[in-house]
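Since the structure comes first, as structure tokens, the remarks are kept for the end.
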Amino acid sequence: QVRLVESGGGLVQPGGSLRLSCAVSGASLDDYRIGWFRQAPGKEREGFSCFDGTDNSKYYGGSLGDRFTISRDNAKNQIYLEMNKLEVEDTAVYYCAAAWKKNFICSGHPKAAGMEYWGEGTLVTVTT
């Protein structure tokens with residue numbers, strides 16, 4: 001069974017950085033596409049980036065600018081989301097989710113309905 005576990009969230013000041021991890025077990029990243037989502041208080045869950053494990057392509061939503069970067073750790077079968085220049089508006093629960101390569105196409109705004117497996121999320125709070 002495919003399982004995803006996020007970690008790395010926490011409290012940070014505006015302008016700071018955090019690195020989130022998405023550990024994947026029960027499947028190889030080579031066969032999946034991993035979406036990153038976040039849900040701010042009182043708002044709907046939104047997809048903002050995607051990693052294509054089949055070819056290591058990365059997709060980012062335009063609103064992020066160059067603040068967020070995805071990377072892969074093959075040895076750990078894990079994805080990282082490096083978040084820089086964090087803003088108060090980035091406060092949210094962050095989720096990673098996986099979809100099998102033949103069932104999903106990556107984009108900068110992945111759709112939650114297309115994902116098959118979800119982590120439980122990690123909270124990022126950006127505050128003074």
Side-chain angles (χ1 to χ4, degrees):
Q1 182 174 352
V2 180
R3 184 168 177 249
L4 293 87
V5 178
E6 304 94 338
S7 60
L11 187 67
V12 63
Q13 292 185 339
S17 298
L18 282 175
R19 188 178 78 162
L20 305 184
S21 300
C22 175
V24 180
S25 60
S28 170
L29 283 172
D30 291 346
D31 296 323
Y32 282 81
R33 293 171 171 131
I34 307 297
W36 281 100
F37 298 79
R38 64 185 183 182
Q39 187 164 16
K43 295 188 176 181
E44 292 187 356
R45 191 173 299 187
E46 63 166 348
F48 60 88
S49 64
C50 190
F51 174 79
D52 189 333
T54 67
D55 63 6
N56 293 326
S57 296
K58 302 157 191 175
Y59 301 80
Y60 302 97
S63 63
L64 297 179
D66 59 354
R67 299 188 300 123
F68 290 9
T69 303
I70 295 172
S71 61
R72 173 177 180 169
D73 186 329
N74 288 324
K76 296 182 178 180
N77 209 45
Q78 195 162 266
I79 299 295
Y80 300 109
L81 179 70
E82 185 77 32
M83 305 188 297
N84 298 310
K85 302 177 183 177
L86 283 163
E87 304 169 353
V88 172
E89 293 73 22
D90 294 318
T91 294
V93 178
Y94 284 71
Y95 301 87
C96 60
W100 191 48
K101 59 187 177 183
K102 295 193 175 181
N103 294 338
F104 190 79
I105 302 294
C106 264
S107 73
H109 296 283
K111 301 300 182 186
M115 311 310 295
E116 298 171 68
Y117 305 97
W118 289 85
E120 294 188 354
T122 186
L123 177 62
V124 171
T125 304
V126 185
T127 182
T128 56

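Because only heavy atoms are used, hydrogens play no part in the values below, and waters and symmetry mates are left out as well, while side chains stay in. Please read all numbers here as calculations on a predicted model, not as lab measurements.
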Quick check: does any side chain N or O of [X] sit under 3.5 Å from a backbone N or O of [Y], one acting as donor and the other as acceptor?
X	Y	result
N77	S25	no
E6	L20	no
N103	G114	no
R33	C106	no

For a quick test of reading the model, state the closest non-hydrogen atom pair linking [X] to [Y] and the distance between them.
X	Y	answer
H109	G62	NE2-N, 3.9 Å
C50	P110	CB-CG, 4.4 Å
A98	Y32	CB-CD2, 3.9 Å
W100	E116	N-OE2, 2.7 Å
G119	Y95	O-CD2, 3.6 Å
S17	K85	OG-N, 4.3 Å

ILVMFWY network linking [X] to [Y], side-chain heavy atoms under 4.5 angstrom:
X	Y	value
W36	Y117	yes
V93	F68	no
L29	M115	no
F104	L4	no
Y94	L64	yes

Let me confirm one number: the [atom1]-[atom2] distance from [X] to [Y], rounded to the nearest 0.5 Å.
X	Y	atom1	atom2	answer
E44	Q39	CD	CD	8.0 Å
Q78	S7	CD	OG	6.5 Å
I34	S49	CD1	OG	11.0 Å

Task: Test item: D90 and R67 side chains (from C-beta on) under 4.5 Å apart, heavy atoms - done: yes
Open item on the list: When you compare the side chain of F51 with that of C96, does any pair of heavy atoms fall below 4.5 Å?
Closed with: no
Task: Test side chain to side chain contact (heavy atoms under 4.5 Å, CB included) applied to L18 and L81, V124, V126, the passing residue - done: V124
Open item on the list: Apply side-chain contact (heavy atoms from CB on, under 4.5 Å) to residues I79 and I70 and explain how you reach the verdict.
Closed with: CA-CA 7 Å; I79 299 295; I70 295 172; 3.7 Å; yes
TODO: Using distance alone, with no hydrogens and no angle criterion, decide if D52 and Y59 have a side-chain donor and acceptor under 3.5 Å apart.
DONE: no
Open item on the list: Y60 vs K58, test: side-chain contact (heavy atoms from CB on, under 4.5 Å). Steps then yes/no.
Closed with: CA-CA 7 Å; Y60 302 97; K58 302 157 191 175; 3.8 Å; yes
Open item on the list: Check whether F37 forms a cation-pi arrangement with R45 (NZ or CZ under 6.0 Å from the six-membered ring centre, at most 45° off the ring normal).
Closed with: no
TODO: Would you mind checking if D30 and R72 are paired as a salt bridge, meaning a charged N to carboxylate O distance below 4.0 Å?
DONE: yes
